[in-house]
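This report concerns only the one structure given below.
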Protein chains: 2
Amino acid sequence: MEKQTITIYDVAREAAVSMATVSRVVNGNPNVKPATRKKVLEVIDRLDYRPNAVARGLASKKTTTVGVIIPDVTNVYFSSLARGIDDVAAMYKYNIILANSDGNEQKEIQMLNTLLAKQVDGIIFMGNNLTDELRTQFARSKTPIVLAGSVDPKEEVESVHIDYVAAVEEAVNDLVNHGNKRIAFISGPLDEPINGEYRLKGYKNVLKSNGIEFDEELVFETDSSYRSGEVLWPALSSANVTAAFVGDDELACGVLNGAKDAGVKVPEEFEVVTSNNSKLTEIVRPQLSSITQPLYDIGAVSMRLLTKMMNNEEEEGAQKTVELPYGFIKRASTK
Amino acid sequence: MEKQTITIYDVAREAAVSMATVSRVVNGNPNVKPATRKKVLEVIDRLDYRPNAVARGLASKKTTTVGVIIPDVTNVYFSSLARGIDDVAAMYKYNIILANSDGNEQKEIQMLNTLLAKQVDGIIFMGNNLTDELRTQFARSKTPIVLAGSVDPKEEVESVHIDYVAAVEEAVNDLVNHGNKRIAFISGPLDEPINGEYRLKGYKNVLKSNGIEFDEELVFETDSSYRSGEVLWPALSSANVTAAFVGDDELACGVLNGAKDAGVKVPEEFEVVTSNNSKLTEIVRPQLSSITQPLYDIGAVSMRLLTKMMNNEEEEGAQKTVELPYGFIKRASTK
DNA sequence: GTGAAAGCGCTAACAT
DNA sequence: ATGTTAGCGCTTTCAC
């Protein structure tokens, strides 16, 4: 004896009204006489009726859910963005389908397609490399998409992020001002525009305006893991580096600990600045000076922007790119 | 001129077959002549047809999506579980609706209801306090639910976790073996069973079997934040503590740094063990000895269990509780 | 192996 | 203010 799912029709019959009326009260449509509303509400309560969102989605062509493609929830940078996204989503009554991609293009494309199949009303994409293939796939559907915490070099897709070039300039400038000439540039894959294009440009700009020659040997490309940073010191040391700009906090913690474990004095002999000001920067000793990014806000603003796009509230010809303010916080890892 | 969404019916017409047949090839039903299948597939490709998962969900009463209620994605403990959940979900072609609750019962109930309204096929609940109200709400629906990384003291809901009592016993025993008599018990809210019931019991058990009297003054209840740990040293110090068991890694990092910043030598003068063996334990100096929990696996196993429940593959009268093995890793924060 | 037809539970005109 | 009636795009018997 299966428990029968109870539908809008059951409520209508019990309340002796039409399903249209039930639908109206469920959806808060004001065109219902208070007495009727009350009666319907009672029946709904008595029958423990719950509107079926799937049926509603099919009929209305809106699912009030948005897809979120994330490289890895386990990474604080991304989970901070995700939290901002979810909070704003909840505020606007949306839910989030979260899918981990590991930054793998094939997975990203595949996720995108399942999300579209599930009729999400919009998509937030976090990823470090917006390939052409991906851009093509995006274009296939008319579902609004925004990039959170990343950049579309071609500026075809809406995105929310900070000015990476300027932020890195500020950080590296600090290092130069302390007299450092040989400053390492340490980051994840350079084929990710955020690293190879923007951050590197900021780094080079500062060197140039200070008359320091750019030295290819001081660019260290790794993955962004703690471990990769930890084992980097010997290489840094033999390159006679006295300071480092690092593009990721976990990586920076590794670099810092690797140096310290080798007996190097920080910041006296070696200065480090990092990029994301996540919790980690305060947990290590010495605490890490860092560019500050409003991670939560980047997520929140992305989602807010997406809600506008989903409601066609977006101004025509509005800028595709939202730049949020960055900052710099000096801690003990720099002089 | 809106781009018309193309449906199964369009494909049927173009391929000169019935929609039933199209449905069959889309769903991999073998009862289709190869030639027909080929023809249909061609049309699907040509028309760029994508099955509408919402319509499918309405007709089949399965959405292939599961709800995941999580206190905070930003917390590594939970995000690690979440990653395990999502990976296994993906493996079984499910998607995840992720909702942050902040451990707030009202939000949890509300999320639960939206998830059910969205007709999720199952739910994974992460939370530290399974209240009666929540249990009642769970019972209202027949949707399978499993608890990940937490315990239902009444054992009414399926759950996956480690043996917290035994794990804490092992950790505290280590501390006792090093000659410590005054060992602090530091954790988040004691009204969460995992803290106030299981962990505390393990702690007391060890004291008892070693003839050490339990001292209420050595129990420190805080929230689980880094900051709360950081400011705890003065209190610990005046309680003449020589070691501490801590129930959360962030909290433990705070405790450790607070002590170190006050000039205390770790582990010589003060030993610390923590509970979750997250990345943080290796990032701080000295590195933290810790209970090890297979976080990713707890998530993965929870999801696997849920898939079985969703397919009614679960053995009748099977144990409601899955206990995964814990471990203990000695690092530099203990002698 | 294939088709016809009846829903799935709801929204959204359109009437009244 | 309320009811009637088509769908929404698909799955799923049940025939053939």
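By convention in this document, chain letters (A, B, ...) are assigned in the order of the sequence lines, proteins followed by strands, and residues within each chain are numbered from 1. Treat the numbers as computed from the prediction; the structure is a model and nothing was measured.
One can place CD1 of A:I44 at 16 Å from P of C:dG9, the figure rounded to the nearest angstrom. Atom pair B:K38:NZ and C:dT2:C1' shows a separation of 19 Å (rounding to whole Å applied). Rounded to a whole Å, the CE atom of A:M19 is 19 Å from the P atom of C:dA15.
The residue A:V17 sits close only to the backbone: its heavy atoms come under 4.0 Å of sugar-phosphate atoms, none of a base. Within 4.0 Å (heavy atoms only), A:N31 reaches at least one base atom of the nucleic acid.
For the 3.5 Å distance criterion, the side chains of B:S23 and B:N27 qualify, holding a donor opposite an acceptor. With no hydrogens or angles considered, a side-chain donor-acceptor pair links A:Q137 and A:E133 at under 3.5 Å. Defined by atom type and a distance below 3.5 Å, a donor-acceptor pair is missing between the side-chain atoms of A:Q119 and A:T63. When only modelled atom types and interatomic distance are considered, A:S80 and A:R83 share no side-chain donor-acceptor pair under 3.5 Å. Judged purely by distance below 3.5 Å, without hydrogens or angles, the side chains of A:R37 and A:N29 never pair a donor atom with an acceptor atom. In the model, B:N75 has no side-chain atom that pairs as donor or acceptor with a side-chain atom of B:S79 under 3.5 Å.
When DNA chain D is scanned in the 5' to 3' direction for atoms under 4.0 Å from non-hydrogen atoms of chain B, the outermost contacting nucleotides are D:dG9 to D:dT12.
For C:dG1, the OP1/OP2 oxygens have no side-chain nitrogen or oxygen of B:T21 closer than 4.0 Å. Checking the phosphate oxygens (OP1, OP2) of C:dG9, a side-chain nitrogen or oxygen of B:K61 falls inside 4.0 Å. Under 4.0 angstrom from either OP1 or OP2 of C:dT11 there lies at least one side-chain N or O belonging to A:N27. Residue A:S23 places at least one side-chain N or O closer than 4.0 Å to OP1 or OP2 of C:dT11.
In terms of position on DNA chain D, the residue among B:R24 and B:A59 whose nearest nucleotide sits closer to the 5' end is B:A59. For B:K33 and B:A55, each mapped to the nucleotide of DNA chain C holding its nearest heavy atom, the one lying further toward the 5' end belongs to B:K33.
Counting non-hydrogen atoms of other residues, nucleotides and ligands closer than 6.0 Å to CD of A:E313 gives a total above 12. More than 12 heavy atoms of other residues, nucleotides or ligands sit less than 6.0 Å from atom CD of B:E156.
Taking OH from B:Y49 and CG from B:N52, the interatomic distance works out to 7.5 Å, rounded to the nearest 0.5 Å.
Taking five base pairs at each end of the helix from C:dG1-D:dC16 to C:dT16-D:dA1 and finding the rotation axis that steps the C1' atoms of four pairs onto the next four gives two axes whose angle is 30°, to the nearest 10°.
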